[in-house]
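Below is one structure, written out as structure tokens; comments come after it.
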Amino acid sequence: MRWSQLLIPTLKETPADAEIVSHKLLLRAGLIRKLTSGLYTFLPLAVRSLRKVENIIREEMNRAGAQEILMPALQPPEIWQKSGRYDIMIDVLLKVRDRAKKEWILGPTHEEVVTTLVAGEISSYRQLPKNFYQIQTKFRDEIRPRFGLMRAKEFIMKDAYSFDISDEAAQVSYQKMYQTYTRIFQRCGLQTVAVDADTGAIGGKHSHEFMVPAETGENEIVYCESGEYAANIEKATSRIQEATSTLDTGTSVEKFPTPGAVTINSLVRQPYGVAMRDQIKTLVYLIDGKVTLVLMRGDHQLNDTKLAAATGGTQIRPSTPDEIFVALGAHPGSLGAVGVLGVTILADESLKNAAGMTTGANEDGFHFRHVNIARDIPVTSWHDLRLVAAGEPCPVTGTPLKIRRAIEVGHVFKLGTKYSESLGALFVDEAGEKRALIMGCYGIGVTRTLQAVIEQSNDKDGIIWPINVAPFTVCITPLSIASESPVMLVAERLYQELTERNVDVILDDRDERPGVKFKDSELIGYPIRIGIGEKSLAKGEVEIKPRKGSLQAVPAHDALEYILAYLKNNS
RNA sequence: CGGAGCGUAGCUCAGCCUGGUAGAGCACUUGGUUUGGGACCAAGACGUCGCAGGUUCGAUUCCUGUCGCUCCGACCA
């Protein structure tokens, strides 16, 4: 392609509404433009890279035996009611109405549609296993779209769904996708880490997320440097530290005045001097309308996701001070669970056997001490509810855990029979029995992956595209564009030759000064630039500048071979 | 949904406090000079100052409302 004919609106200045480097570069390099919050137009260069990412995904999915289909983005609400997700996902569903005022859903994901398809078309174990995928636009009513393509109302996703006859077979499908994802991201030039993850509203038993480590990521991952353990912080656990006081002095619970002391920290200070880990923090939550007490050790933080997973609740929020006063007769800061009856009490595992603890007395200005949790608190059930903190022992190796931020680009789930049962996707097994299909689902945020590549690969001058997903692989930069000049003749010849070898090449035929051309090519980040100017051409040379390497003067007649060799060795 | 900030030329922003009908740089058009790292000179075009009310002789400026955008949060008692 010739640069002068493409819409590549590069910017010298950063648009005001971009916050993170990849978003700034998407705008500055002329890849995207915002229509409105969370909605973007992809310009020619972005489309080229996007198609390359999509094709890598297609090749690898096909290699893994998956079949590409294309499902409607517009979906009937009835199937969402059948699966039960119409209510659970109500907040993210975008809805439209047709002329008859009938409601439709703009699909945020396609478990319901694909399961409906399979329910109708697959009926025997002989037809299994199957894996169907599509690359399609998804719609989600995000609370707050942000960071360009990272979290948008409309985005492109590759979603795949596997159907198997047994858990063992489903495990094979899952593993195959796990490996496929690893290959896909590798080919896109992305470094990813696979981590244990919570399954959230999709449901299911196990899942892994593919994470791109980045300071600007919206997720936190917990990992052990040995590589033995990595998990999303929502799911992460650590070995329980045995620092909690378990000394049962035999002393019975004693109420003592604590005027004005309404935080963990204020009880740590004198005159009380109670260590954080010797306190019980009592949190009050409203879970599906029911008041629930959640007990944590004073030095621990509650992990909301674990709470949701432990209770199976869908509507979870902290109670308001007023609701708390009605339920417990005291205000936040003086709450406790000693002797509380008729209310569900969930406690974190780290409090098991805890004794000699201090907690609120449900009377403003008073706390209890010498609390023996087994003796004094009617705990309904025990759970792992803790938010893991850096430095805690790894559950596998015991060495200190680390935490870093990351961008989620892929997610694989074992779904089990949640959807096949609710939507009637049954098959007849070898024995003639009707059973529900075992499902898995596998997503890749295609547009997010594109931005994650940029977030991970850039420098002060601009994007550094990995060869496999660059909008153009080679940029030819003639420093004069007079049509019969020696410079332009060499440029045109190389352009022809590279095109004939199926190399994606752009010829910068703009009538611009050299500085402008160099800056633009570096901002956009083509993997290789071929500079052709009168000076070097006088010596019979052209200048080959890999985006992340140093400039090489190469004889003009060797340039083609040099580039082909470079591409072969670096992609 | 709560909090904070911002809406002035295609982009980045100034002007507003102290009201008198709008500016700079970049980009764009024309001409000229330039031409190996985001050129220079000259001329030109581009604005319902987000929108709607109010105050005022007069509002980009002050007040109210509204819409949009960005960020933080939606959580620990």
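Residue numbers begin at 1 in each chain, while the letters A, B, ... track the order of the sequences.
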So among A/L31, A/T10, A/I506, which one has a side chain to side chain contact (heavy atoms under 4.5 Å, CB included) with A/I524? A/T10

Euclidean distance, atom [atom1] of residue [X] to atom [atom2] of [N] [Å, nearest integer]:
| X | N | atom1 | atom2 | answer |
| --- | --- | --- | --- | --- |
| A/L479 | B/G38 | CG | P | 13 Å |
| A/L551 | B/G37 | CG | C1' | 12 Å |
| A/E534 | B/G36 | CD | P | 10 Å |

Gap in Å between the two [atom1] atoms, one belonging to [N] and one to [M], rounded:
| N | M | atom1 | value |
| --- | --- | --- | --- |
| B/A24 | B/A43 | P | 12 Å |
| B/G19 | B/U56 | C1' | 9 Å |
| B/C28 | B/G2 | C1' | 44 Å |

Side-chain N or O of [X] closer than 4.0 Å to phosphate OP1/OP2 of [N]:
| X | N | answer |
| --- | --- | --- |
| A/T36 | B/C69 | yes |
| A/K34 | B/U70 | yes |
| A/R144 | B/C71 | yes |
| A/S37 | B/U70 | yes |
| A/R317 | B/A74 | no |

Using atom types as modelled and distance alone, determine if a side-chain donor or acceptor of A/D511 lies under 3.5 Å from a backbone N or O of A/I481. no

Closest approach to the side chain of A/V516, judged atom by atom: which nucleotide of B/G38, B/C76, B/G36 is it? B/G38

Of the nucleotides B/U70, B/G37, B/G73, which has the atom closest to the A/K519 side chain? B/G37

Side-chain contact test, heavy atoms from C-beta onward, threshold under 4.5 Å: evaluate it for A/W80 versus A/P108 and give yes or no. yes

Side chain A/R146 and base B/U70 donor-acceptor under 3.5 Å: no

Could one point to a donor on the side chain of A/E522 or the base of B/G37 with an acceptor on the other under 3.5 Å away? yes

Can you tell me how the ring of A/F256 sits relative to the ring of A/H367, calling it parallel under 30°, perpendicular over 60° and tilted otherwise? tilted

